Participant: 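Okay, here's the structure, questions in a sec.
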Amino acid sequence: MPLICERFDTLGLEDPSREVRLGIMGGTFDPIHMGHLACAEQARVAFGLDAVIFIPAGVQPFKQDQQVTDANMRFEMCKLACATNPFFDVSAIEIEREGLTYTVDTLRQLHAHYPSNVALFFITGADAMLSIAKWHDSAAIADLAHLIAVTRPGYVMTDEAKAELAAAHFDVSYLETTALSISSSMMREWVREGKSIRYLTSLAVHDYILAKGLYKD
Ligand code: NAP
């Protein structure tokens with residue numbers, strides 16, 4: 001049984017003198033879509049990441065009053081979507097953890113698992129990143145990982161917002177991608193309205209959503 005994920009549990013052990021860069025794609029992924037996959041791939045290349053692990057959130061503290069799809073199904077969709085990219089894998093550590101999902105706990109668990117030559121790069125949407133100062137033990141997050149905030153077309157991250165994050169000592173890099181004009185909420189809405197979501201996610205995920213009857217109401 002893997003501790004973190006199937007493909008990358010032994011990362012960093014081969015050559016302890018080499019820095020290994022591990023991307024962590026944090027999100028609810030309800031559902032995962034081409035925007036997530038493209039931005040993980042673009043971040044991998046832009047930041048020279050050796051691997052990217054998608055970690056679907058268990059119970060996201062800011063979404064406790066929202067209806068979110070069963071965590072195991074969100075995990076399975078991520079597995080299906082990542083299967084064809086050898087640099088990607090998915091971890092169940094957040095959905096297996098009891099209680100609310102705090103990013104700081106995830107980063108601590110990853111630090112404890114991997115040797116010290118593995119550097120963590122936490123990737124998420126810029127709008128999610130804006131609230132990071134309100135996240136549980138956010139000061140520790142700044143010490144544990146470099147942060148990559150992904151912006152979507154038309155999304156303007158103001159200089160004030162960037163300055164606030166910098167003043168709070170968050171090491172944030174910004175990555176603009178064209179791929180994120182797809183959003184999970186748009187996809188859920190389209191399924192509800194009977195529109196096609198084919199080509200907005202991988203075919204395997206598309207077929208899974210239809211087979212399980214997800215997002216119909
Ligand atoms: P969200 O509020 O649903 O996402 C905000 C925006 O960012 C959405 O537009 C979303 O698009 C986009 N987004 C989310 N994940 C992304 C990713 N990996 N790459 C690119 N864009 C992404 O945020 P969320 O998905 O629930 O949470 C994001 C991450 O922050 C998770 O890892 C979560 O655990 C963490 N978080 C931690 C705390 C805490 O520790 N207290 C609190 C809040 C969030 P889509 O809807 O299309 O995905």
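Worth saying up front: this structure is predicted, and the values here are computed from it rather than measured. We count residues from 1, following the sequence as given. In listed order, ligands and their atoms are each counted from 1.
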Participant: List every atom of ligand 1 that sits less than 4.0 Å from any heavy atom of Met25, numbering the atoms from 1 in the order shown and giving each element.
Facilitator: 17 (C), 18 (N), 19 (N)
Participant: Check Ser184 against ligand 1 and report side chain, backbone, both or neither, counting heavy atoms closer than 4.0 Å.
Facilitator: both
Participant: Hey, which atoms in ligand 1 end up nearer than 4.0 Å to a heavy atom of Ile123?
Facilitator: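 Ligand 1 atoms under the 4.0 Å threshold to Ile123: 18 (N).
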Participant: Could you tell me whether the side chain of Arg188 and the main chain of Asp30 form a donor-acceptor pair under 3.5 Å?
Facilitator: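 Present.
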Participant: Check the side chains of Glu94 and Thr106 for a donor-acceptor pair under 3.5 angstrom, ignoring hydrogens and angles.
Facilitator: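 Side-chain D/A pair, Thr106 to Glu94: present.
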Participant: Which part of Tyr102 is near ligand 1, with near meaning a heavy atom under 4.0 Å away: side chain, backbone, both or neither?
Facilitator: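 Under 4.0 Å from ligand 1, Tyr102 contributes backbone and side-chain atoms.
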Participant: Number the atoms of ligand 1 from 1 as they appear, then name those within less than 4.0 Å of a heavy atom of Asp127, with their elements.
Facilitator: 6 (C), 7 (O), 9 (O)
Participant: Quick check on contacts: which atoms of ligand 1 are under 4.0 angstrom from a heavy atom of Cys39?
Facilitator: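 Heavy-atom distances to Cys39 below 4.0 Å select 19 (N), 20 (C).
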Participant: Can you name the residues that form a side chain to side chain contact (heavy atoms under 4.5 Å, CB included) with Ser17, not counting sequence neighbours?
Facilitator: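 Here the qualifying residues are Asp15.
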Participant: Mind running salt bridge (charged side-chain N to carboxylate O under 4.0 Å, His left out) on Arg108 and Asp137 for me, showing each step along the way?
Facilitator: CA-CA 11 Å; Arg108 285 195 175 119; Asp137 208 353; 2.9 Å; yes
Participant: Got an N/O contact under 3.5 Å between Gln60 and ligand 1?
Facilitator: yes
Participant: Could you tell me whether His33 approaches ligand 1 through its side chain, its backbone, both or neither, with non-hydrogen atoms closer than 4.0 Å?
Facilitator: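 It is the side chain that touches ligand 1; the backbone stays farther off.
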Participant: Going by salt bridge (Lys or Arg N to Asp or Glu O under 4.0 Å), name the residues that satisfy it together with Lys212, two or more places apart in sequence or in a different chain.
Facilitator: none
Participant: Report the member of Thr106, Thr103, Val52 with the shortest heavy-atom distance to atom 37 (C) of ligand 1.
Facilitator: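 Heavy atom nearest to atom 37 (C) of ligand 1 belongs to Thr103.
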Participant: Suppose I only count heavy atoms of Phe122 and a 4.0 Å limit; which atoms of ligand 1 are within that range?
Facilitator: 32 (O)
Participant: As an exercise, identify every atom of ligand 1 less than 4.0 angstrom from a heavy atom of His136.
Facilitator: 41 (N)
Participant: I need the atoms of ligand 1 closer than 4.0 Å to a non-hydrogen atom of Thr28, numbered in the order shown.
Facilitator: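 Every atom of ligand 1 under 4.0 Å from some heavy atom of Thr28: 24 (P), 25 (O), 26 (O).
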Participant: Please confirm whether His36 comes within less than 3.5 Å of ligand 1 when only nitrogen or oxygen atoms on both sides are compared.
Facilitator: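 Yes - when backbone and side-chain N and O of His36 are compared with those of ligand 1, one distance drops under 3.5 Å.
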Participant: Indicate the ring-plane relationship of Phe121 and Phe47, choosing parallel, tilted or perpendicular according to the 30° and 60° boundaries.
Facilitator: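 Answer is tilted, since the angle falls between 30° and 60°.
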Participant: Run the numbers for me: atoms of ligand 1, each under 4.0 Å from some heavy atom of Pro61, listed by number.
Facilitator: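 With Pro61 as reference, the close atoms of ligand 1 come out as 41 (N).
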Participant: Would you kindly specify which portion of Ala57 sits under 4.0 Å from ligand 1, judged on non-hydrogen atoms: side chain, backbone, both or neither?
Facilitator: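 Side chain only; the backbone of Ala57 stays clear of ligand 1.
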Participant: On a heavy-atom basis, I'd like to know which of Ser131, Gly125, Gly27 is closest to atom 13 (N) of ligand 1.
Facilitator: Gly125
Participant: For the residue pair Gln42 and Thr177, confirm or rule out a side-chain donor-acceptor distance under 3.5 Å.
Facilitator: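 There is such a pair (donor and acceptor under 3.5 Å, judged by atom type) between the side chains of Gln42 and Thr177.
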